[in-house]
Amino acid sequence: MAKTSESGAFVEKFILQPTSSSQQLPLSGLTFAVKDIFDVDGYVTGFGNPDWKRTHSAATLTAPAVLDVLEGGATCVGKTIMDEMAYCINGENIHYGTPTNPCAPDRVPGGSSSGSAVAVGAGLVDFSLGSDTGGSVRVPASYCGILGFRPSHDAISTSGVIPMAQSFDTVGWFARDPTVLNRVGRALLHLPNVNPVTPSQIFIPEDCFSLSSIPSARTTGVLIKSIEKLVGGSILKHVNLGDYVKEKVPSLHHFMAKGNDHAYNIPSLAALSSSMRLLQRCEFKKNHAEWLTTVNPNLGPRLSKRIWDAVRSPEENIGICRSVQTELRAALTDLLKDEGILVLPTVPGDPPKLQTDLASLEVFRARAFSLLPLPEYPDSVR
């Protein structure tokens with residue numbers, strides 16, 4: 001199936017008008033798009049795969065997150081392309097086409113909320129909705145040079161959103177303008193207008209930034225100067241996050257023994273990633289194994305093996321994964337207190353080029369997944 005024009009961001013175009021015509025609503029005059037993982041009344045939710053769309057009926061209700069922004073005065077203009085079954089962070093889709101990264105057309109846009117990020121980055125909409133289970137808002141936002149926000153797990157209803165792994169699935173959103181990002185967030189989170197809170201501490205994990213191929217002068221150097229200018233340097237704290245997590249999350253020792261000690265990652269955070277992905281695979285299997293084995297869908301060659309590996313994976317050590325979650329929440333709560341901020345790079349470098357060979361891609365993924373797991377743990381980062 002061919003993708004539509006306009007940077008290949010959309011899988012389906014339509015218009016949903018705001019539920020009120022009042023010009024006083026916070027999102028009046030704004031347009032948005034939704035990832036094809038959200039239900040919209042009268043449309044089949046495609047989940048990035050034509051066989052899924054073929055074997056499912058049209059939704060009879062619209063996801064609450066979509067209703068929230070419609071009620072806020074925004075107009076929806078369509079659904080966007082995503083990675084098949086939300087199972088990748090690259091943004092490539094063999095069936096519908098790969099949305100064109102507006103910042104780097106020869107590179108991947110990031111996924112799985114690829115079309116949502118591209119629609120915003122290309123100026124086709126003012127904001128868009130996506131979902132983030134393993135980085136699917138944060139990664140495409142970083143690749144496409146826009147703003148992406150993943151709130152705490154369960155802060156926004158995921159009703160009417162096809163589940164990938166419920167312990168991590170989170171509704172997020174994209175915008176080019178920080179003011180728009182703020183307005184959309186208040187609509188989705190049902191927050192009043194309040195004055196911003198000055199953080200008590202800002203932690204910079206030097207070990208995490210050392211994984212980045214971007215020179216420190218362009219990352220931590222800029223960050224430190226900005227913080228010093230805005231609130232002063234006294235609240236800056238430097239931390240070795242890998243050592244902290246290793247000490248405070250003892251259940252990780254089970255995963256530390258799995259060969260995670262590589263030069264391109266941080267062993268304790270790689271172990272955290274292993275724990276997270278084990279739990280994700282288990283939940284994905286419970287959600288979708290029956291459909292996959294019954295339909296035997298046509299899956300892209302880069303995803304097929306990983307998806308079928310998840311379906312065939314044994315359900316073991318899930319209790320240990322839950323212990324890791326509990327310990328990590330406690331550790332980060334103790335570190336950050338009520339008003340602390342932990343600054344993390346989203347990815348370790350520039351987006352990979354389109355059709356990068358799988359071996360090179362795997363090294364990049366390993367580095368990325370040493371950085372991505374922390375915000376994915378429920379209530380660990382607010």
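Nothing here was measured: the structure is a model prediction, and the numbers come from that model.
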J.: Taking E327 first and then R322, would you say they form a salt bridge - that is, a charged N and a carboxylate O separated by under 4.0 Å?
T.: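 No, this pair does not count.
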J.: Is there a donor-acceptor contact under 3.5 Å from the side chain of S274 to the main chain of A270?
T.: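 Flag set: sc S274 to bb A270 pair under 3.5 Å.
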J.: Salt bridge check, R54 against D51: does any charged N sit closer than 4.0 Å to a carboxylate O?
T.: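 The answer is yes: the pair qualifies as a salt bridge.
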J.: Verify side chain to side chain contact (heavy atoms under 4.5 Å, CB included) between K79 and K35, making sure each step is shown before the conclusion.
T.: CA-CA 6 Å; K79 285 194 170 190; K35 181 179 183 177; over 6 Å; no
J.: What are the two closest heavy atoms between V44 and S57, and how far apart are they?
T.: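 Reported closest heavy-atom pair: CG2-C, 3.8 Å.
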J.: Quick check on the hydrophobic clustering: are F10 and V118 connected, directly or via other members, by side-chain heavy-atom contacts under 4.5 Å?
T.: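 No; tracing contacts between hydrophobic side chains, which count when under 4.5 Å, never links both residues.
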J.: Would a distance-only check, ignoring hydrogens and angles, find a side-chain to backbone donor-acceptor pair under 3.5 Å from T62 to D41?
T.: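 Checking the backbone N and O of D41 against the side chain of T62, a donor-acceptor pair under 3.5 Å is found.
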J.: Would R306 and Y87 count as a cation-pi pair here, with the cationic atom under 6.0 angstrom from the ring centre and within 45° of the axis?
T.: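 Not flagged: R306 not positioned over aromatic ring of Y87.
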J.: Is a donor on one side and an acceptor on the other found under 3.5 Å between the side chain of S142 and the backbone of V139?
T.: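 Here the side-chain-to-backbone pair exists.
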J.: What heavy-atom pair brings F284 and M85 nearest, and what distance separates the two atoms?
T.: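 Closest approach of F284 to M85: CZ-CE, 3.8 Å.
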J.: Can you name the residues that form a salt bridge (Lys or Arg N to Asp or Glu O under 4.0 Å) with D177, not counting sequence neighbours?
T.: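 Checked D177 against salt bridge (Lys or Arg N to Asp or Glu O under 4.0 Å); zero matches.
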J.: Without swapping roles, check the side chain of T356 against the backbone of P352 for a donor-acceptor pair under 3.5 Å.
T.: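 The answer is no, because no donor-acceptor pair under 3.5 Å joins these two groups.
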J.: Any donor-acceptor pair under 3.5 Å linking the side chain of R176 with the backbone of G145?
T.: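 Pair absent, no side-chain N/O of R176 close to backbone of G145.
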J.: Quick one: are S114 and Y143 in side-chain contact, heavy atoms under 4.5 Å?
T.: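 No, their side chains stay 4.5 Å or more apart.
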J.: Among all residues two or more places apart in sequence or in another chain, which pass the salt bridge (Lys or Arg N to Asp or Glu O under 4.0 Å) test with K286?
T.: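 In terms of salt bridge (Lys or Arg N to Asp or Glu O under 4.0 Å), with neighbours along the sequence ignored, K286 is linked to no residue.
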J.: Show your working on side chain to side chain contact (heavy atoms under 4.5 Å, CB included) between L188 and V69 and close with a plain yes or no.
T.: CA-CA 7 Å; L188 288 168; V69 290; 4.0 Å; yes
J.: Is it the case that the side chains of S128 and W173 hold a donor-acceptor pair, with the cut-off being a distance below 3.5 Å and no angle test?
T.: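 Absent: no donor and acceptor within the cut-off.
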J.: Identify the two heavy atoms, one from T80 and one from G115, that lie closest to each other, and give their separation to 0.1 Å.
T.: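 That closest heavy-atom pairing would be CB-C, 3.5 Å.
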J.: Applying ring pair (Phe, Tyr, Trp, His ring centres under 6.0 Å) as the test, list every pair that has at least one member in residues 319-345; sequence neighbours left out.
T.: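 Every pair satisfying ring pair (Phe, Tyr, Trp, His ring centres under 6.0 Å) with a residue in residues 319-345: there are none.
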J.: Looking at every heavy atom in both A33 and V125, which two are closest together, and how far apart are they?
T.: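 It is N-CG1, 4.1 Å.
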J.: Is any side-chain heavy atom of L342 closer than 4.5 Å to a side-chain heavy atom of L344?
T.: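 A side-chain contact under 4.5 Å exists here.
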J.: Could you tell me whether the side chain of H254 and the main chain of S251 form a donor-acceptor pair under 3.5 Å?
T.: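 Answer holds: no.
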J.: Would a hydrophobic clustering, with Ile, Leu, Val, Met, Phe, Trp and Tyr connected at side-chain separations under 4.5 Å, put V108 with L358?
T.: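 Cluster IDs for V108 and L358 differ.
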J.: Just wondering, are more than 12 heavy atoms of other shown residues or ligands nearer than 6.0 Å to NZ in K285?
T.: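 More than 12 heavy atoms, drawn from other residues, nucleotides or ligands, come within 6.0 Å of this atom.
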J.: Linking I/L/V/M/F/W/Y whenever their side-chain heavy atoms sit closer than 4.5 Å, directly or via other members, would V180 and L25 fall into one cluster?
T.: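 No.
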J.: Determine whether R138 and D132 satisfy the following criterion, salt bridge (Lys or Arg N to Asp or Glu O under 4.0 Å), listing intermediate values before the conclusion.
T.: CA-CA 7 Å; R138 292 163 287 150; D132 189 312; 2.9 Å; yes
J.: Testing the basics here: between L211 and S370, what is the closest heavy-atom pair and its distance to 0.1 Å?
T.: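 Of all heavy-atom pairs spanning L211 and S370, the closest is CD1-CB, 3.8 Å.
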J.: So, D357 side chain and S360 main chain: donor-acceptor pair closer than 3.5 Å or not?
T.: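 Judged by distance alone, yes, a pair lies under 3.5 Å.
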J.: Does D338, at its CG atom, have more than 12 non-hydrogen atoms belonging to other residues, nucleotides or ligands within less than 6.0 Å?
T.: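 Counting neighbours around CG of D338, 12 or fewer heavy atoms of other residues, nucleotides or ligands fall under 6.0 Å, so no.
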J.: Can you tell me if E206 has over 12 outside heavy atoms packed within less than 6.0 Å of its CD?
T.: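 Correct, the count exceeds 12.
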J.: Taking side chain to side chain donor-acceptor pair (under 3.5 Å) as the definition, give me every residue that meets it alongside Q166, ordered by chain and number, with sequence neighbours left out.
T.: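 Side chain to side chain donor-acceptor pair (under 3.5 Å) list for Q166, sorted by chain: N287.
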J.: Can you confirm whether L279 sits close enough to F168 that some side-chain heavy atom of one is under 4.5 Å from a side-chain heavy atom of the other?
T.: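 Of all side-chain heavy-atom pairs linking F168 with L279, at least one is under 4.5 Å.
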J.: With the side chain counted from C-beta on, respond yes when C282 and S313 share a heavy-atom pair under 4.5 Å apart, and no when they do not.
T.: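 Heavy-atom side-chain distance check fails, nothing below 4.5 Å.
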J.: Through direct or indirect side-chain contacts below 4.5 angstrom among Ile, Leu, Val, Met, Phe, Trp and Tyr, which residues connect to I341?
T.: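 The other cluster members (ILVMFWY side chains, heavy atoms under 4.5 Å, direct or chained) are I202, I204, F209, L223, I224, I227, L230, V231, I235, L236, V343.
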J.: I'd like to know if the side chain of E92 reaches the main chain of Q355, judged simply by a donor and an acceptor atom lying under 3.5 Å from each other, with no hydrogens or angles considered.
T.: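 Yes, E92 side chain to Q355 backbone: donor-acceptor pair under 3.5 Å.
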J.: Which heavy-atom pair separates C208 from L241 by the least distance, and what is that distance?
T.: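 Result for this residue pair: SG-CD2, 4.0 Å.
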J.: Within the 4.5 Å heavy-atom criterion, are S112 and C88 side-chain neighbours or not?
T.: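 A side-chain contact is absent here, since even the closest heavy-atom pair is not under 4.5 Å.
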J.: Between K337 and D334, does any side-chain N to carboxylate O distance fall below 4.0 Å?
T.: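 Yes, charged N to carboxylate O under 4.0 Å.
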J.: Provide the full list of ring pair (Phe, Tyr, Trp, His ring centres under 6.0 Å) pairs with a residue in residues 28-50, sequence neighbours left out, each pair given once.
T.: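 Listed by first then second residue: F14-Y43, F32-F127, F47-W52, F47-H288.
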J.: Would you say P351 and N101 make side-chain contact, with heavy atoms under 4.5 Å?
T.: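 Yes, their side chains come closer than 4.5 Å.
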J.: Name the one of V245, I320, L328 that satisfies side-chain contact (heavy atoms from CB on, under 4.5 Å) with L252?
T.: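 Running side-chain contact (heavy atoms from CB on, under 4.5 Å) over V245, I320, L328 with L252 returns exactly one hit, V245.
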J.: For the backbone of P26 and the side chain of R183, can you confirm whether one donor and one acceptor N or O come within less than 3.5 Å of each other?
T.: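 Yes; at least one donor-acceptor contact below 3.5 Å.
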J.: Do the side chains of P64 and S159 get nearer than 4.5 Å, heavy atoms only?
T.: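 Contact flag for S159/P64 side chains = yes.
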J.: Answer yes or no: is there a donor N or O on one side and an acceptor on the other, between the side chain of N93 and the main chain of T98, under 3.5 Å?
T.: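 Answer holds: no.
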